[in-house]
Asks: 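Please see the structure below; I have some questions.
Residue numbers start at 1 and run along the sequence shown. Every heavy atom of this structure was used, including side-chain atoms; hydrogens, water molecules and symmetry mates were not.
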Amino acid sequence: MLQVPLLEPLLVPLLLVGLVAVALALVRVVGRPWLERTILETDTPSGKAFDAVLMLAIALSVLAVVLESDSLLRQRWAAAFLGLEWAFTLLFSLEYLLRLLLVAEPRRYATSFFGLVDLLAILPTYLGLLIGGGQLFLVVRVLRLLRVFRVLKLGAYLQEAELLWSALIAARRKITVFLLAMVTLVILIGAFMYVIEAGNDGFRSIPVAIYWACVTITTVGYGDVAPVTPLGRFMASVVMLIGYSIIAVPTGILSAEIGLSVLRPPQEDQTSPVVCGACLKGGHDPDARHCKFCGAEL
């Protein structure tokens, strides 16, 4: 990752003060109502345009992070990557500050899922200025990898994400039971293989045998640990066949829940796209005047 040379830690508070000043100036000049319709709501023309521009910026920033990881590209286009990084960081910082200024309860937004994602998207770049020294550079590189959290910001602007999230929530118990059954099955298979192989070709302990069972039942098959006895190979064949049949289980559970959501009667899906300014949640009735989650006025 790139590091900004010869920058003093004092630059961070100066940048933050400047961004706060810009955010306050935008609220005063443009007007709070228009900014609320643009940034917090998704059903207005300005809100749709803002979401489209922000989605494009998120995608481009993640693409820049991915390309920057290549050493050849990083050496050739170091200045361009540095400029893009700071441009996206300042843009997302301004968006984060505006949301804090516009929402009714900034603390609730700051501690929400997407609020934390927004913070993680901009925090590593500023930490890169504060943490210096050759030995600490590796820590900065790890922190700056958190920029990939920007891709999670896309979920806030995709209506399909809410459908997928609802399906996951509805199927959480079934998926949990399936995962527990898989863990139990893998432990049993690993214990049986340890007894059958008795230390042959890497089966030196039950944890290693459990690792082999995980790799085999998921049809990955690294091949670093493999049975050599006839009974062990027969057991491995059975585990492989079980793995193919098990793959369809979570897919079927999630697909069924998504299908139920799609086939839900229309009157159950008639919700307003307006987002509450206090808790940032949607899904309200079309004629709602107050948020059904926190009670704030819409």
Asks: Side chains of Leu101 and Leu35, heavy atoms from C-beta outward: is any pair under 4.5 Å?
Replies: no
Asks: Specify the closest pair of heavy atoms between Met235 and Met193, including all atoms of both residues, with the distance to one decimal.
Replies: CG-SD, 3.3 Å
Asks: Give the ring-plane orientation class for Tyr211 versus Tyr222, where under 30° counts as parallel, over 60° as perpendicular and anything between as tilted.
Replies: parallel
Asks: Flag the pair Ile196 / Phe203 as yes when at least one side-chain heavy-atom distance between them is below 4.5 Å, and no otherwise.
Replies: no
Asks: Does the side chain of Tyr96 come within less than 4.5 Å of Leu19's, by heavy atoms?
Replies: no
Asks: Quick one: does Val225's side chain get under 4.5 Å of Val215's, heavy atoms only?
Replies: no
Asks: Which is it for Leu98 and Val27 under the side-chain contact (heavy atoms from CB on, under 4.5 Å) test, yes or no, and what are the steps along the way?
Replies: CA-CA 8 Å; Leu98 285 173; Val27 174; 4.2 Å; yes
Asks: Would you name the heavy atoms of Arg99 and Leu40 that are closest together and state the gap between them?
Replies: NH1-CD2, 4.0 Å
Asks: Compare every heavy atom of Glu197 with every heavy atom of Pro227, then report the nearest pair and how far apart it is.
Replies: CB-OE2, 3.3 Å
Asks: In terms of hydrophobic clusters joined by side-chain contacts under 4.5 Å, are Val22 and Leu24 together?
Replies: yes
Asks: How many angstroms lie between CD in Glu95 and CG in Leu100, if you round to the nearest 0.5 Å?
Replies: 10.0 Å
Asks: Quickly, which of Thr218, Ile217, Thr216 forms a side-chain contact (heavy atoms from CB on, under 4.5 Å) with Val220? Name it, please.
Replies: Thr218
Asks: Heavy atoms, side chains only, cut-off 4.5 Å: are Trp212 and Ile189 in contact?
Replies: yes
Asks: In terms of hydrophobic clustering (I, L, V, M, F, W, Y; side-chain heavy atoms under 4.5 Å; direct or indirect links), are Tyr194 and Val228 co-clustered?
Replies: no
Asks: Might you point out which heavy atoms bring Phe88 and Ala57 nearest each other, and give the distance in Å?
Replies: CE2-O, 3.6 Å
Asks: Hydrophobic cluster membership, with links at side-chain heavy-atom distances under 4.5 Å among I/L/V/M/F/W/Y: are Ile175 and Val183 in one?
Replies: yes
Asks: What are the two closest non-hydrogen atoms of Val186 and Cys214, and how far apart are they?
Replies: CG1-SG, 3.4 Å
Asks: Can you get from Leu56 to Ile39 by hopping between Ile, Leu, Val, Met, Phe, Trp and Tyr side chains that sit under 4.5 Å apart?
Replies: yes
Asks: With a 4.5 Å limit on heavy-atom distance, are the side chains of Leu102 and Arg32 in contact?
Replies: yes
Asks: Indicate, with yes or no, if Ile58 and Leu60 share a hydrophobic cluster defined by side-chain heavy-atom contacts under 4.5 Å among Ile, Leu, Val, Met, Phe, Trp and Tyr.
Replies: yes
Asks: Mind listing the closest non-hydrogen atom pair of Phe81 and Ala64 along with its distance?
Replies: CE2-O, 3.7 Å
Asks: With side-chain contact (heavy atoms from CB on, under 4.5 Å) as the test, would you mind laying out the steps for Val30 and Thr38 before giving the verdict?
Replies: CA-CA 11 Å; Val30 179; Thr38 301; over 6 Å; no
Asks: To the nearest 0.5 Å, tell me how far Ile187 CD1 sits from Ile206 CD1.
Replies: 10.0 Å
Asks: Find out whether Thr229 and Phe234 are in side-chain contact, i.e. whether some heavy atom of one side chain is under 4.5 Å from a heavy atom of the other.
Replies: no
Asks: Hey, is the main chain of Trp86 close enough, under 3.5 Å, to the side chain of Thr89 for a donor-acceptor pair?
Replies: no
Asks: Within a strict 4.5 Å, meaning less than it, do heavy atoms of the Ile246 and Phe178 side chains meet?
Replies: yes
